[in-house]
Amino acid sequence: MTERTATVASRVGLHARPAAIFAEAAGEYENLEITIRAEGEDAEEGMDAASVLSLMSLGASHGDKVVLAAEGDGAEAALEHLAGIIETDLDAE
Amino acid sequence: MSEQDMMNEQPRRDTLHGVGVSPGRVIAPLVHMAPAVSEPPEDEALEGDAETAADRLKAAALAVKAGLKERAARARSESAAEVLKATALMAGDKALVKNASKLVTEQRLSPERALWQAATAYADQMRAMGGYMAERAADIEDVRARIVAELRGEDAPGVPQRREPFVLTAEDLAPADTAVLDPDVVVALVTASGGPQSHTAILARNLGLPAVVAVEGVLDVAGEAPVFVDGAAGTVVVAPGETEQEAVRAWQRASEQLASFAGRGALSDGTVVPLLANVGTGDDARAAAEAGAEGVGLLRTEFCFLGRDSEPTVEEQADAYTEVFEAFPGRKVVVRTLDAGADKPLPFLTDATEPNPALGVRGYRTDWTTPGVLERQLEAIAVAKQRSTADVWVMAPMIATVGEAARFHDLVVAAGLKVSGVMVETPAAAITAEQILERVDFVSLGTNDLTQYTMAADRMLGSLANLNSPWQPAVLRMIQATARGAAQASERGAEHKNVGVCGEAAADPALAVVLVGLGADTLSMSPRSLAAVSAVLARVDAAEARRLAELALHATSAQEAKEAVRAELPVLADLGL
């Protein structure tokens, strides 16, 4: 299992437009099961990163840390890419 | 005749009465807004194979997603498209379908019930989080209803999607229902509730659609029955005949005459009454200029803010305002600063949990709870002003004290802007207009809210439609008090203080005459009303306008005031207004 921690950069947190952009990007990796959870939670708590509803229910605010996890070919590159999205202020664009 | 035979007969001729809010006459079949989707019973069990049911669930979710995406592509505005796209994403959400499928296989629930439960769990979770997230709960419930309707083979809730023209009827219409309404297909609006200032009324006037609100009995009329709608008289005739067909033809002839405005509002004696437009975006402003508007009497700046989670930057705002200013080079453009709250909530400014938002922190008052937004907006307006030649005036909404007006004036001057004013929407502002105008340069009457607050009648309540009319003599007296206060302040300051009207009242040609008679200097309205208002103003002189205003002031009800004035203006009947 590969994991990557990222800090939410969007001022509004990981909701609304930033959540939609992130979920769509995570959905692009069809052969990987990518999960997301708040830092400090158990790995089993990880939710589907491609689900906008899961992201919204995570309720991550600006500055919160989240953990992305995936297993399989290309997991490392995928998590790097997705962490980059979380660390961008998507609402400013 | 048996009851069954009665049911099979053609619909019986019948005339229903309501409040006409947007003129025009049409005949088309009546179509009801699809009803809300009912909750599947808690114990609705799965019939047949779980795998097939899970496949059906997934297919239904994807069909709803595709339908919403297609509507997003056709939406009239970018903000409507954004809402539809976000909803589409939720409909196709993998976790939602997965959770529902699990309920099908593990608890052997019907796919309808399973989806309902899975979506409700998310909605409840969002609601518990409060604030902005709580507002998203309604979006999830909308998705829930759509997928369940799809599974059942029912019509999706909301405005029916059709190709042939029809008259849309509903209890009332919400902004979300009307965002993607196609005026080529929906040819008139009839609602059972709602008043002259409801969203339905405002939308109808913007689109030029005939509309009648507060029509008792319309929800009982059978779907598909042909109806005649007269948006000026406020009548709906079921199973119309030759008389109504002739009335439609007469309207078509008259509306050709009313199709254009020469670009200069004046009374028959030459008294100039500039006719301006209410606009909300750069596109609106260009359309208004095209329609001959002499300027902008109300620029609603909410368009930069709505549908956003955070405040737009000064630069973003300046670009948006510049677009509007450039449509009116050398002309007056009155900018209203942000009017959030009540029916226009903004997650970063207003508190959605206020028990009575119409009397809450809204308009200028949001500057107390979220300082800085107003100053940055004024800065953006000043930047945009520098880039164009428009004559920029700025006004604050929802002012109740002289002190607020004075402080707003100081902020406007500090931003480097010249002309400051306030909206008169509260009785408090109307009766202190003289003192207010010693501090600011102009006032603009927002008659929709002024009516609601003077009459203590919620503008969204159909049962109060008669109270909620700008024809109410008490409202007219508030307008008169404002104009008198302005006249006194002008005399003392030796400088004319402009009194504008930018509420929907100015768009009613008969009421426009009364407003001028009461002392309004300028009228601002949706561009579609310019031609009709100018045609009627051109037939009366200042003395006649004052006489008609007196007539209305002394009536005992809104209805009586309106009838008395209309009876003295035969031009209205000539033009089919």
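Convention: sequence-line order gives letters A, B, ...; per-chain numbering from 1.
Contact tally against chain B (heavy-atom pairs below 4.5 Å) for Leu53(A), Asp48(A), Val52(A): the top residue is Leu53(A). Ranked by heavy-atom pairs shorter than 4.5 Å toward chain A, the options Leu96(B), Ile140(B), Leu89(B) are led by Leu89(B). Of the listed residues Arg136(B), Lys98(B), Met126(B), the one with more heavy-atom pairs under 4.5 angstrom with chain A than any other is Met126(B). Note on Ala23(A), Ser57(A), Gly27(A), Ser54(A): by heavy-atom pairs under 4.5 Å with chain B, the leading option is Ser57(A).
Looking at every heavy atom in both residues, Ala50(A) comes nearest to Lys94(B) through CB-NZ, 3.9 Å. Scanning all heavy atoms of the two residues, the minimum distance from Val37(B) to Arg152(B) falls at CG1-NH1, 3.5 Å.
When only modelled atom types and interatomic distance are considered, Ser51(A) and Asp93(B) share a side-chain donor-acceptor pair under 3.5 Å.
Heavy-atom distances place the side chain of Met129(B), and not its backbone, under 4.5 Å from chain A.
The structure places CG of Asp283(B) at 10.0 Å from CZ of Phe303(B), a figure rounded to the nearest 0.5 Å.
Checked by atom type and distance alone, the side chain of Arg56(B) pairs as donor or acceptor with a backbone atom of Leu151(B) at under 3.5 Å.
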